[in-house]
There are 8 protein chains.
Amino acid sequence: MKKAAVIMGSDSDMPVVKGCIETLKGLGIEVEAHVISAHRTPDGAAAFANQAAVNGFGVIIAAAGKAAHLAGALAARTTLPVIGIPIKSSTLDGLDALLSTVQMPSGVPVATVAINGGDNAAILAAQILALTDDGLAKKLVAMKKQMMESVIEKDSKIQAEVQSI
Amino acid sequence: MKKAAVIMGSDSDMPVVKGCIETLKGLGIEVEAHVISAHRTPDGAAAFANQAAVNGFGVIIAAAGKAAHLAGALAARTTLPVIGIPIKSSTLDGLDALLSTVQMPSGVPVATVAINGGDNAAILAAQILALTDDGLAKKLVAMKKQMMESVIEKDSKIQAEVQSI
Amino acid sequence: MKKAAVIMGSDSDMPVVKGCIETLKGLGIEVEAHVISAHRTPDGAAAFANQAAVNGFGVIIAAAGKAAHLAGALAARTTLPVIGIPIKSSTLDGLDALLSTVQMPSGVPVATVAINGGDNAAILAAQILALTDDGLAKKLVAMKKQMMESVIEKDSKIQAEVQSI
Amino acid sequence: MKKAAVIMGSDSDMPVVKGCIETLKGLGIEVEAHVISAHRTPDGAAAFANQAAVNGFGVIIAAAGKAAHLAGALAARTTLPVIGIPIKSSTLDGLDALLSTVQMPSGVPVATVAINGGDNAAILAAQILALTDDGLAKKLVAMKKQMMESVIEKDSKIQAEVQSI
Amino acid sequence: MKKAAVIMGSDSDMPVVKGCIETLKGLGIEVEAHVISAHRTPDGAAAFANQAAVNGFGVIIAAAGKAAHLAGALAARTTLPVIGIPIKSSTLDGLDALLSTVQMPSGVPVATVAINGGDNAAILAAQILALTDDGLAKKLVAMKKQMMESVIEKDSKIQAEVQSI
Amino acid sequence: MKKAAVIMGSDSDMPVVKGCIETLKGLGIEVEAHVISAHRTPDGAAAFANQAAVNGFGVIIAAAGKAAHLAGALAARTTLPVIGIPIKSSTLDGLDALLSTVQMPSGVPVATVAINGGDNAAILAAQILALTDDGLAKKLVAMKKQMMESVIEKDSKIQAEVQSI
Amino acid sequence: MKKAAVIMGSDSDMPVVKGCIETLKGLGIEVEAHVISAHRTPDGAAAFANQAAVNGFGVIIAAAGKAAHLAGALAARTTLPVIGIPIKSSTLDGLDALLSTVQMPSGVPVATVAINGGDNAAILAAQILALTDDGLAKKLVAMKKQMMESVIEKDSKIQAEVQSI
Amino acid sequence: MKKAAVIMGSDSDMPVVKGCIETLKGLGIEVEAHVISAHRTPDGAAAFANQAAVNGFGVIIAAAGKAAHLAGALAARTTLPVIGIPIKSSTLDGLDALLSTVQMPSGVPVATVAINGGDNAAILAAQILALTDDGLAKKLVAMKKQMMESVIEKDSKIQAEVQSI
């Protein structure tokens, strides 16, 4: 199975990205993580994206805030699927990062997940990689089932709690 | 290579979806398209998503406007990657569809592209399917190169046009 | 009198939903509450909505945040009135949940109340059920009168407070 | 069965309201329609709401644009369920009307439907009135079934259309 | 000189309204303050506005949050100038109150000040009343001069502070 | 009675401003209109505002679009009430002009009306001037009554129209 | 005097960019214009920015729509001032381009002008270049004076027009 | 080398402005800072801008919140480049200040940076002044290199951190 890259624009994005990496590793996916900035290390971003396919990656996850160009800058130089996580920063509640990530021009898509949606970026990456890995696909089905059972369990607890209101 | 499904919430989404289907077919991807509504034919949506993996699909593209639940409703019932196209309707300029599509809760991602981004949804689907199909991967690289050359050609034309200003 | 269902997409919605349940019970309405997720337990949502009318419910209240599809997913499968409470989550101040809940396509309405408006969802449910229950209707009239008197009392207190400014 | 009132803030709202009235009449619901403005005829609004229950109405639909106070002004004076239709006007794409209608303070709910959602307001009103009218309930179930079949029919047509792309 | 009325939709608006009242009193304007709700005490609102001119008021200030109808409801029943203060509440940062207050339909203006702009509402009221009271006009000119001098003084302090950076 | 000034930032604002001037003249108010730009003729704006009170104006109306500073720039130099009309321009639907006009800092209020609300600016100006002119006050009451009657008349017409649906 | 570069992300931006080029040329500034896309020709963008200073440019103007990364991508690779023009495209009224252009992370500024503000980008570029060119500085002063006179002339015309209302 | 002016609309803007001044001084640029308000000290603002070029300034930075007119008011009276920093205040997350600063009318540009982007305003000012000062240009290139190296260093640290997840 190919590797997943997790690129963050700044080390301050780590709180969101950490959950993403944990989910990927929990699913048995090999992860390589980097701090690379589209604006501060553009050559690094270009080099990484240019070589990503050759280097064994199957999917790239990019997390960035504000005028979040990172995912788009990587997508400009690879035909691998690039997943963008818009990061909420100190103003505008992540709307700037969401629009900067999702509103890509025709020809260069970024697969955008929810603001601060690190966990979902990992799952989406796994869904993509699972197309060629039946073991991973089964883990995703199991995870979905467990998620369902967790909700059902919470439903039971709420029933009891509501009785006493 | 697995098939791509293109689901639209209403036949009025066809103008955006048509470009998506053309791009997929142009890349040699087998496409099955449907009008299925999360709200008007929920059983149809459930049945399609439940059987999508078994039926040979590798990726699902869902286009919907307003409170655009279609992509999320499908993603709820499959571990295949689901790509969402928010459709601009008569009010709010597509912002409602964008937020309804992208802001998915943890555990159920939708890979969201730009508002009315039918073409990019197709390319993203192809990028995902290309992970297991070298021929498709090469077509994507060629398409990217052609896109680059088209911009360079336009650059030359603009040079001439600007001289005369 | 028919029962009211209160469905929340996650147990984290309980702080808003609790006031809703208290108001319903305070008005003597029989309540059944559940955690059911449109995205994590779609079969549970479908089963609940399909059977809601037969099971003696007269109205369904659904609370959810972010890409809030819960109310719409239930409304897709019942002709009972469905009331949606958009929940404010960690980004976008509830605007995503509001638009995902209220902007329903033609044919499948959701009666949307204010962001985090648990109390109003309960009162709206009571207003609907009161059409067939004179006792409940009188309670609502009394509640409205009490609300009015409470404002008048506050007005008196403010008068005194303002004198001393 | 009780009557439905359809109140519009201005006769310029008629294009949206007309569909609402047609749907109500098509379902066999007796409709009384008025132009009443919360700001230009506040006494008329007060009188109508104060007497609505006594006059045999079971539900009130109110359509207004901009700082859309009409639904709230009526809801302030009745315990009947009030449905609000935010109308899109020449600026802000209906966002002003949506927020003015839906963000009601605790104690006075307005059941808000989508911007320009006249049809859904009618169906929601019918769903409410159907709680006491089995005939109407059956019509709503039939309408839902027909809506589903219409989508399935469109799905077939799209299949053919897509073949030729 | 005529009196100023300060109406708040809820006693929770007092923190913003208090500064407004202090400024009015500081300028020697007679103030009458009330808690009156457009939605909870609509008769009280109607009665107040209907009698405001006769009762010696020259201007009405109304503060309210969310679907802020208070200023508009008063303006509907008086030809006195009505000043609206949109109050920021727990969601949407006051945008809902701003749009509900300012976007009034043709014929019924509300003079809207900034979100939580209690102080400016008081000054605007004073500017209006000063048209018939030279003493008040002079106070406003003096206040404006003092405001200017305060900025100039702060400018000096900042100079010193910046030297040491 | 004092005069009203109507200042527009650009002659392209005339379509909105024209209705404002007509309403003022129709109420018998003496009007002086100017094109003065806060950004292109700042000295002209300063000179006008500095002399406005001395020159016999009682109220200033300012209409501007985009980063609409005109009303604020005038309010900075006069203690006369300044009414701001945010003008909708080619992008952002007037939201930029609304926020630039209404969100004034403490100490310098602008009485803001709806986007493109030329008519309401005129009525608000008249309400202010009417505090010292009983004749004008009576005209405003009459105008309000006529507005009410016009709505009632439209109500009758709609009744007939609805019968035939 | 150094040259100005005008880069557009797509030849469809030409209508806005044309005015920009005309203004620059009208001020006697040497202009070089290109179609370069941050996403479609990232190497071209990198090469241009890397060599811009050496190639005699003093300022770079970049126009792009949607997730407008062009200005930021150029600013990442040069210490020349980069001016960004957000272009309005078919959805969201240019808000996406504005936020993608202006909300740059610390360290890499983009001097952003108004949405579609091609003319202002040219004037800002000229203001920057004029710091080392007294002749250009005088042209800007003259242009500002002419702009002022044009407003004064329009003021006179409006006076006449208003008389006849 | 010419001086940089840093003007803030209120001393409460100092937390954002301080970093701006530090960056300028760190680059060896002579700075003069002032508290000047477009609305409270309009004559001060006019005087400063009118004399800025003569007084040896090469660039003006203006920071203001809410209806942020300061940068525009200065730009109205000088042909020096004016950089605007929109300040986030207690409501609307800085969107009001951003739109009030950036959406300037044709003819009077403001070079707008990110909300609270004090650091970037300083760098942009330095980039402008560096066009005539090779020493400063070299410092900017060095700063850009250091920024790059800092990211690369953080990348190494993250690698280690991610290993242990």
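Predicted model only: the values in this text are computed from it and were never measured. Just so it is clear: chains get the letters A, B, ... in the order the sequence lines come, proteins before strands, and each one is counted from 1.
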### Query
Heavy-atom distance under 4.5 Å to chain D: side chain of C:V102, backbone, both or neither?
both
### Proximal component of D:T78, with respect to chain C [non-hydrogen, under 4.5 Å]
backbone
### Message
Parallel, tilted or perpendicular, judged at 30° and 60°: which one describes the rings of C:H69 and C:H39?
### Response
perpendicular
### Query
Does C:K88 pair with C:D93 as a salt bridge, N-O distance under 4.0 Å?
yes
### Message
So which residue, D:L140, D:L99, D:L129, D:V108, ends up with the most heavy-atom pairs under 4.5 Å with chain C?
### Response
D:V108
### Query
When you look at CD of C:E153, are more than 12 heavy atoms from neighbouring residues, nucleotides or ligands closer to it than 6.0 Å?
no
### Query
If you count heavy-atom pairs under 4.5 Å between each of D:I115, D:T132, D:V110 and chain C, which one has the most?
D:I115
## Note on the structure
Correct closest heavy-atom pair for C:A125 and C:L24 would be CB-CD2, 4.1 Å
### Query
Using non-hydrogen atoms only, which part of C:A126 is less than 4.5 Å away from chain D: side chain, backbone, both, or neither?
neither
### Query
At a heavy-atom separation under 4.5 Å, does D:A122 approach chain C through its side chain, its backbone, both, or neither?
neither
#### Entry: Greatest number of heavy atom pairs closer than 4.5 Å to chain D - which of C:D119, C:T101, C:L124
C:L124
### Query
Looking at C:K25, C:K2, C:K3, which hits salt bridge (Lys or Arg N to Asp or Glu O under 4.0 Å) with C:E32?
C:K3
### Message
Looking only at heavy atoms and a cut-off of under 4.5 Å, which of C:M104, C:M147, C:M148, C:K144 has the most pairs with chain D?
### Response
C:K144
### Message
Would you compute the distance between atom CG of D:L95 and atom OG of D:S100 and round it to the nearest 0.5 angstrom?
### Response
9.0 Å
### Message
Using heavy-atom distances under 4.5 Å, tell me whether D:P86 contacts chain C through its side chain, its backbone, both, or neither.
### Response
neither
### Task
Please determine which of D:V82, D:L80, D:I83, D:V6 meets the side chain to side chain contact (heavy atoms under 4.5 Å, CB included) test together with D:V59.
D:I83
#### Entry: Part of D:V141 lying under 4.5 Å from any heavy atom of chain C
both
### chain D contact via C:A76 - side chain, backbone, both or neither, heavy atoms under 4.5 Å
backbone
### Query
Looking only at heavy atoms, which two atoms of D:G117 and D:I85 are closest? And how far apart?
N-CG2, 3.6 Å
